[in-house]
Amino acid sequence: MIYLLKFGASFLLPPGIFLIAFMVIAISLWKKQERSFAKALAGITIVFYLLSTGYVSEILLGSLESRYEPPSELAGDAVIMLGGGATADTQDVDGLGNLGGSAANRLLTAARLQKKLDLPIILSGGQVYSDSGREAQISKRTLLSLGIPEDKILIEDQSLNTKQNAQFVHKL
């Protein structure tokens, strides 16, 4: 039963609801003898569905990720963590603001690397939108609560995209 509910919900929420709407329109066009439009819309819907699946995204990401070998040994001068989204006004254990899912995962990895290598962490990420949090500041607060020493944390909180992350971190 739980699988039926989860499967059903996936078609009521985007992108499922759009896929259903496009297919209903395609069937309606088919019945009205607008077969070329119906075929085109059905084709677009199938491509849209495929691009929405985890299977296709894994293939596309895998082709990018496989180009780079992870280093056999961990070494460097610093651990750099780029932002990935934050909310400013959500309550956390020790203050306001939380990192988004991928940014939180990055922060956890950065903390583990810092403890393993005893290198400083450079946190890079500003406040992209008016309702989002200043990512580097939120990350710093979280790292401090995880026991990372303050003198091991450097912040760059002005960047708004990956290009600026690189430019501003380079200055540090």
Enquirer: Sequence neighbours excluded, which residues qualify as side chain to side chain contact (heavy atoms under 4.5 Å, CB included) partners of Tyr55?
Expert: Thr53, Ile59
Enquirer: Nearest 0.5 Å, what's the CG-CZ distance between Leu123 and Arg106?
Expert: 12.0 Å
Enquirer: Hey, mind stepping through Thr109 and Asn105 against side-chain contact (heavy atoms from CB on, under 4.5 Å) and telling me if it holds?
Expert: CA-CA 6 Å; Thr109 301; Asn105 287 337; 5.6 Å; no
Enquirer: Does the side chain of Leu74 come within less than 4.5 Å of Lys116's, by heavy atoms?
Expert: yes
Enquirer: Please round to the nearest 0.5 Å and tell me the distance separating atom CG of Leu108 and atom CG of Leu143.
Expert: 10.0 Å
Enquirer: Suppose we screen for side chain to side chain contact (heavy atoms under 4.5 Å, CB included). Which residues come up paired with Ser57, at least two apart in sequence or across chains?
Expert: none
Enquirer: Run the side-chain donor-acceptor check on residues 145-155: report pairs under 3.5 Å with partners two or more places apart or on a different chain.
Expert:
from	atom 1	to	atom 2	distance (Å)
Ser145	OG	Asp94	OD2	3.3
Ser145	OG	Thr142	O	2.7
Glu150	OE2	Lys140	NZ	3.2
Lys152	NZ	Asp118	O	3.3
Lys152	NZ	Asp118	OD1	3.4

Enquirer: Pairs under 3.5 angstrom only: tabulate donor-acceptor contacts from the side chains of residues 81-90 to other protein residues two or more places apart or in another chain.
Expert:
from	atom 1	to	atom 2	distance (Å)
Thr87	OG1	Thr90	OG1	2.7
Thr90	OG1	Asn98	ND2	2.8

Enquirer: Under the side chain to side chain contact (heavy atoms under 4.5 Å, CB included) rule, collect the residues that match up with Asp77, sequence neighbours excluded.
Expert: none
Enquirer: What residues, two or more places apart in sequence or in another chain, satisfy side chain to side chain contact (heavy atoms under 4.5 Å, CB included) together with Arg35?
Expert: Trp30, Gln33
Enquirer: What donor-acceptor contacts under 3.5 angstrom involve side-chain atoms of residues 36-48, with partners at least two apart or in another chain?
Expert:
from	atom 1	to	atom 2	distance (Å)
Thr45	OG1	Leu41	O	2.7

Enquirer: For Asp92, what residues pass the side-chain hydrogen bond (donor to acceptor under 3.5 Å, both in side chains) criterion, not counting sequence neighbours?
Expert: Arg141
Enquirer: Quick check: closest heavy atoms across Ile122 and Ala78, and the distance to 0.1 Å?
Expert: CD1-CB, 4.0 Å
Enquirer: So, do Leu64 and Leu60 sit near enough that their side-chain heavy atoms are less than 4.5 Å apart?
Expert: no
Enquirer: Mind listing the side-chain donor-acceptor pairs of residues 157-172 below 3.5 Å, one per line with the distance, residues two or more places apart or on another chain?
Expert:
from	atom 1	to	atom 2	distance (Å)
Asp157	OD2	Gln137	NE2	2.8
Ser159	OG	Ser124	OG	3.3
Ser159	OG	Glu156	OE1	2.7
Ser159	OG	Asn165	ND2	2.6
Asn161	OD1	Lys163	N	3.2
Asn161	OD1	Gln164	N	2.8
Gln164	OE1	Leu160	N	2.6
Asn165	ND2	Ser124	OG	2.6

